[in-house]
Amino acid sequence: MSLGNRSPSIYQQSGFTGEVPDNWKLPSVTPIHKSGRKEDPGNYSPVGLTSVPSKIMEQIILSAITWHLQDGQGIRPSQHRFRGRSCLTNPVSFYDQVTLLVDAGRAVDVVYLDFSKAFDTVSHSTLLDKLAAHGLDRSTLCWVRNWLHGWAQRVEVSGAASSWGQAPVVSLRVCAGASSVQYSY
């Protein structure tokens with residue numbers, strides 16, 4: 001039997017039982033050069049690379065959660081990043097609304113607040129409580145709980161790797177404009 005024939009059952013079994021294979025939670029953290037001098041360690045971002053099956057299952061679970069929240073009105077139509085919108089459509093939508101008000105002769109006051117640090121991380125227990133409160137099914141909640149628990153990591157640079165070390169993930173760093181999630185260890 002080829003791997004292609006077995007792969008769907010791996011994802012179905014993981015989703016049905018809520019079990020997450022341990023090797024799906026073993027990222028190799030690799031420094032990626034951002035810009036500037038390569039000799040300066042500050043010019044690198046650490047990126048955790050996980051297995052392809054782990055990434056595929058993450059997308060399956062993300063799709064299930066997004067569908068459930070949209071269907072149950074957990075995600076309002078005004079929110080961006082969902083329903084075919086991106087973080088780039090947010091300022092365009094805001095500008096359109098302000099322009100309409102100004103064109104109608106209405107006064108517009110704008111207050112800018114930077115909540116980037118306040119909402120930079122999400123507690124695992126809070127995330128699970130919110131998902132449960134929105135009626136997410138038990139098997140998906142179990143999968144998310146198991147996926148968040150038991151991570152280990154190693155650092156890999158130029159083909160050399162450190163030994164695996166425990167990496168207690170206690171919160172998620174969420175990029176508001178992208179589908180990526182960074183893990184805080």
Side-chain angles (χ1 to χ4, degrees), residues 11 15 20 24 27 29-38 40 42-145 147-148 151 169-185:
Y11 304 118
V20 180
W24 288 8
V29 178
T30 303
I32 303 295
H33 184 255
K34 296 183 293 186
S35 64
R37 293 185 359 217
K38 290 189 174 189
D40 183 357
N43 291 332
Y44 289 82
S45 292
V47 175
L49 305 173
T50 55
S51 69
V52 171
S54 175
K55 288 293 183 192
I56 291 171
M57 192 62 186
E58 284 178 36
Q59 290 304 308
I60 292 169
I61 296 295
L62 175 62
S63 294
I65 292 171
T66 301
W67 177 85
H68 177 82
L69 292 176
Q70 286 177 343
D71 189 49
Q73 298 304 310
I75 300 174
R76 296 183 311 275
S78 62
Q79 289 182 281
H80 292 260
R81 167 53 185 105
F82 300 100
R83 301 180 191 240
R85 298 167 135 186
S86 73
C87 64
L88 299 176
T89 62
N90 188 337
V92 172
S93 176
F94 171 77
Y95 179 78
D96 285 346
Q97 290 180 9
V98 169
T99 302
L100 286 173
L101 292 170
V102 170
D103 288 348
R106 308 266 317 262
V108 177
D109 293 323
V110 178
V111 176
Y112 292 96
L113 301 172
D114 183 3
F115 289 117
S116 62
K117 295 299 177 196
F119 298 107
D120 220 9
T121 59
V122 177
S123 156
H124 289 175
S125 60
T126 300
L127 173 65
L128 291 167
D129 290 345
K130 295 283 185 181
L131 291 173
H134 279 286
L136 200 67
D137 65 279
R138 178 178 233 150
S139 62
T140 304
L141 284 170
C142 183
W143 192 92
V144 172
R145 184 180 304 104
W147 180 75
L148 294 171
W151 283 75
V169 181
V170 293
S171 64
L172 301 176
R173 294 178 55 85
V174 180
C175 176
S179 61
S180 66
V181 176
Q182 296 175 340
Y183 310 102
S184 297
Y185 300 102

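Given the structure is predicted, the values throughout are model-derived calculations rather than measurements.
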Does the side chain of [X] reach to within under 4.5 Å of the side chain of [Y], using non-hydrogen atoms?
X	Y	value
Gln97	Ser93	yes
Trp147	Ile61	no
Leu127	Lys130	no

Worksheet, complete the sentence: Closest heavy-atom pair, Gly15 versus Ser139, reported as atoms and distance to 0.1 Å, is O-CB, 3.7 Å

Worksheet entry | Closest non-hydrogen atom pair between Leu141 and Leu136, with its separation | CD1-O, 3.5 Å

Let me confirm one number: the [atom1]-[atom2] distance from [X] to [Y], rounded to the nearest 0.5 Å.
X	Y	atom1	atom2	result
Ser125	Arg145	OG	CZ	11.0 Å
Trp24	Lys55	CH2	NZ	12.5 Å
Thr66	Gln59	OG1	CD	9.0 Å

I'd like to check the side chain to side chain contact (heavy atoms under 4.5 Å, CB included) partners of [X]; sequence neighbours left out, ordered by chain and number.
X	value
Thr30	Ile32, Leu49, Glu156
Ser45	Lys34
Leu101	Arg106, Val108
Asn43	His33, Arg37, Asp40

Check: [X] side chain, [Y] main-chain N or O, donor-acceptor pair, under 3.5 Å:
X	Y	value
His68	Leu131	no
Ser54	Thr50	no
Tyr44	Lys38	yes

Response to the item:
side-chain hydrogen bond (donor to acceptor under 3.5 Å, both in side chains) filter on Trp143, not counting sequence neighbours, yields Ser14

Response to the item:
Residues passing the side-chain hydrogen bond (donor to acceptor under 3.5 Å, both in side chains) test with Thr140, sequence neighbours excluded, are Asp137

